[in-house]
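Below, read A as the first sequence line, B as the second, and so on, with proteins coming before strands; counting in each chain starts at 1. Predicted model, so just to flag it, every value in this text is computed and none were measured.
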There are 2 protein chains.
Amino acid sequence: MRADAQRNRDRIVEVARALFRVKGFEAVSMDEVAKAAEVGPGTLYRHFATKESLYDAVLEAWADKVNTAVDRALTLDGPARERLLSWLTDYAAMLTEHKGAAARITAALGDPGSPFAAKCRTYLGANQRMIEALDSALRPGVEAIQISRLVGGVAAVVDNSELPADAAASMLAVVADGLIAS
Amino acid sequence: MRADAQRNRDRIVEVARALFRVKGFEAVSMDEVAKAAEVGPGTLYRHFATKESLYDAVLEAWADKVNTAVDRALTLDGPARERLLSWLTDYAAMLTEHKGAAARITAALGDPGSPFAAKCRTYLGANQRMIEALDSALRPGVEAIQISRLVGGVAAVVDNSELPADAAASMLAVVADGLIAS
DNA sequence: GAACTATACGGAGACACTCTCCGTTTTGCA
DNA sequence: TGCAAAACGGAGAGTGTCTCCGTATAGTTC
């Protein structure tokens with residue numbers, strides 16, 4: 001890639017990240033991103049064929065955070081319920097970090113053709129590791145995609161309604177209790 | 001209201017209901033509704049100032065179904081868990097009946113200014129009746145809005161990803177177990 | 001049943017948004 | 001320095017929501 005192209009691409013992603021984070025996916029127009037990055041719409045669309053693929057690039061650094069968080073959660077001591085709840089809380093917090101991301105990523109969970117497919121694999125893998133670690137403490141037959149969808153659903157509600165952290169926590173507590181074998 | 005206006009209004013709602021149910025909220029344009037109802041865009045927008053208010057009118061008959069369903073659920077016998085799960089399943093099914101409705105109604109739960117506010121009150125009331133009926137079988141401190149949000153979140157995920165009924169059932173089972181006092 | 005007025009109709013179009021085409025400019029290499 | 005390939009960016013096509021306003025119609029009054 002030519003130096004000017006690389007510069008423009010980097011600037012677009014940086015500017016778009018700031019806009020998306022604050023205003024959410026829908027509320028940011030591609031023209032707005034192009035203007036803020038001081039490029040023409042044509043340039044923007046050559047780098048990112050659709051608005052979703054731009055969003056995907058914005059979320060790129062994010063998969064790392066998930067893996068770091070699950071590593072941390074796996075090393076914690078304590079009862080299974082506490083460890084699970086701690087992980088689900090971190091997980092939901094990361095999903096709501098960018099407005100609109102939770103619903104989008106969760107909707108893409110079963111769709112390998114989605115632009116967010118790589119993010120989904122990361123999330124599913126993280127939940128799978130958690131399942132294996134907690135093992136017999138969980139209800140039998142629980143799958144990573146179920147956990148991903150449940151927490152994704154909670155995160156999407158929190159995100160859409162802009163709920164405070166304690167509302168999220170009380171919903172996650174219900175989910176965690178439901179996931180623990182009784 | 002003049003007779004021709006009433007005729008047009010009725011036809012618009014009828015046509016819009018059919019379109020929304022199949023294609024979902026986003027995929028139906030107001031022009032499309034106007035053409036199908038054989039009125040001009042101006043007429044459509046005089047009756048329904050926004051697309052959301054048209055959707056609200058389409059869902060009008062729906063509140064009755066919720067109240068009927070909760071009445072039925074309250075008369076059932078059996079263990080609390082079964083009764084709760086039966087109600088949550090019905091509730092989720094009604095939310096996913098119209099594509100896109102679950103996320104929209106759930107997002108409006110805490111917003112009295114939303115066009116869906118009346119629907120939200122119906123849902124919250126139904127869950128409140130269920131809470132009172134199950135009483136001590138539920139975890140302490142659970143509120144109608146929590147249940148509404150949890151099930152709304154599950155329904156939105158099911159709707160977005162077009163999941164089969166058994167995927168919905170396994171998620172609702174987790175939620176129901178989490179809601180039952182342990 | 002004719003005239004009149006308030007009400008409703010409907011199409012042209014303003015505005016916003018996503019995305020494309022193509023003439024112009026810039027870059028990096030020979 | 002010259003040149004080909006790559007990238008730029010703006011005009012505009014296509015689609016969507018929603019508005020304005022001249023025209024048509026319903027319902028009332030005589």
Side-chain angles (χ1 to χ4, degrees), chain A residues 1-20 22-59 98-101 103-104 107-108 113-116, chain B residues 1-20 22-59 98-101 103-104 107-108 113-116:
Chain A
M1 189 181 296
R2 243 167 61 173
D4 54 344
Q6 186 68 57
R7 269 197 310 275
N8 277 336
R9 200 197 128 98
D10 292 349
R11 204 168 58 252
I12 288 169
V13 171
E14 190 183 337
V15 156
R17 180 179 293 124
L19 287 172
F20 281 141
V22 178
K23 305 175 72 175
F25 184 78
E26 327 258 74
V28 176
S29 81
M30 290 296 262
D31 265 20
E32 189 177 355
V33 174
K35 278 200 173 59
E38 297 176 323
V39 299
T43 301
L44 175 53
Y45 276 93
R46 196 167 336 91
H47 285 295
F48 304 101
T50 66
K51 194 176 170 184
E52 298 232 311
S53 76
L54 170 59
Y55 200 50
D56 184 59
V58 162
L59 298 181
H98 290 71
K99 205 160 163 22
R104 241 156 257 284
S114 155
F116 304 125
Chain B
M1 188 180 296
R2 243 168 62 175
D4 55 343
Q6 185 66 57
R7 269 199 308 275
N8 277 335
R9 200 198 129 97
D10 291 348
R11 206 169 55 252
I12 287 169
V13 171
E14 191 184 336
V15 157
R17 179 178 293 123
L19 287 172
F20 281 140
V22 178
K23 305 174 74 175
F25 184 79
E26 327 258 75
V28 176
S29 80
M30 290 296 262
D31 266 20
E32 191 178 354
V33 174
K35 278 199 175 60
E38 297 177 322
V39 298
T43 301
L44 175 53
Y45 275 94
R46 197 167 335 91
H47 285 295
F48 304 101
T50 66
K51 195 176 170 183
E52 298 231 311
S53 75
L54 170 59
Y55 200 48
D56 183 60
V58 162
L59 298 182
H98 290 70
K99 206 160 165 19
R104 241 156 257 283
S114 155
F116 304 124

**Q** Is A:Ala34 touching bases, backbone alone, or none of the nucleic acid, heavy atoms closer than 4.0 Å?
**A**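 No contact.
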**Q** Compare all side-chain heavy atoms of B:Phe48 with those of B:Val13 and state whether any distance is below 4.5 angstrom.
**A** yes
**Q** Where the side chain of A:Tyr55 meets the backbone of A:Ala101, is there a donor-acceptor pair that is under 3.5 Å apart?
**A**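 Such a contact is found between A:Tyr55 side chain and A:Ala101 backbone.
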**Q** From CZ of A:Arg9 over to C1' of D:dA6, roughly how many Å is that when rounded to an integer?
**A** 16 Å
**Q** Let me know the distance between CD of B:Gln6 and C1' of D:dG27, rounded to the nearest Å.
**A** 16 Å
**Q** Could you state the CD1-C1' distance from A:Ile12 to D:dC8, rounded to the nearest angstrom?
**A** 11 Å
**Q** Take atom CG of A:Asn8 and atom C1' of D:dG9, then tell me their distance rounded to the nearest Å.
**A**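 Distance check: A:Asn8 CG to D:dG9 C1' gives 10 Å.
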**Q** In this structure, how many angstroms lie between the C1' atom of D:dC8 and the CD atom of A:Glu38, rounded?
**A** 14 Å
**Q** Base, sugar-phosphate, or nothing for A:Val33, non-hydrogen atoms under 4.0 angstrom?
**A**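 Nothing, no heavy atom under 4.0 Å.
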**Q** Going from CD1 on B:Ile12 to CG on B:Leu44, what distance comes out if it is rounded to the nearest 0.5 angstrom?
**A**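 The CD1 atom of B:Ile12 sits 5.0 Å away from the CG atom of B:Leu44.
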**Q** Kindly assign one of parallel, tilted or perpendicular to the pair A:Phe20 and A:Phe25, based on the angle between their ring planes and the thresholds 30° and 60°.
**A** parallel
**Q** Charged N to carboxylate O under 4.0 angstrom, B:Glu26 versus B:Lys51?
**A** no
**Q** Where each residue is assigned the nucleotide of DNA chain D containing its nearest heavy atom, which of B:Ser29 and B:Ala3 is assigned the position nearer the 5′ end?
**A**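 The residue mapped nearer the 5' terminus is B:Ser29.
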**Q** Protein-nucleotides 22-25 of chain D N/O pairs closer than 3.5 Å?
**A**
from	atom 1	to	atom 2	distance (Å)
D:dT25	O2	B:Arg2	NH1	3.2
D:dT25	O2	B:Arg2	NH2	3.4

**Q** Quick one: B:Leu44 CG to D:dT19 P, roughly how many Å, whole number?
**A** 11 Å
**Q** Going by the side-chain contact (heavy atoms from CB on, under 4.5 Å) test, name the single residue among B:Gln6, B:Arg2, B:Met1 that passes it with B:Asp4.
**A** B:Arg2
**Q** Under 4.0 Å, counting only non-hydrogen atoms across every strand here, what does B:Asp31 touch: a base, just sugar-phosphate, or nothing?
**A**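 Base contact.
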**Q** Base, sugar-phosphate, or nothing: which does A:Thr43 touch, judged by heavy atoms less than 4.0 Å apart?
**A**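 The answer is base, as A:Thr43 lies within the cut-off (heavy atoms under 4.0 Å) of a base atom.
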**Q** Going 5' to 3' along DNA chain C, which are the first and last nucleotides with any atom under 4.0 Å from a heavy atom of chain A?
**A**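 With heavy atoms of chain A under 4.0 Å away, the range is C:dC17 to C:dG28.
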**Q** How many Å lie between CZ on A:Phe48 and P on D:dG9, as a whole number?
**A**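 Interatomic distance, CZ of A:Phe48 to P of D:dG9: 15 Å.
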**Q** Using the closest heavy atom to pick a nucleotide of DNA chain D for each, name whichever of B:Met30 or B:Met1 lands nearer the 5' end.
**A** B:Met30
**Q** Show the nearest heavy-atom pair for residues A:Val15 and A:Ala36, with the distance to one decimal.
**A** CG1-CB, 3.4 Å
**Q** Determine whether A:Val39 and A:His47 make a side-chain contact, defined as any pair of heavy atoms from C-beta on separated by less than 4.5 Å.
**A** no
**Q** Give the minimum heavy-atom separation between B:Glu52 and B:Pro115, together with the two atoms involved.
**A**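 Residues B:Glu52 and B:Pro115, closest heavy atoms: OE1-CG, 3.7 Å.
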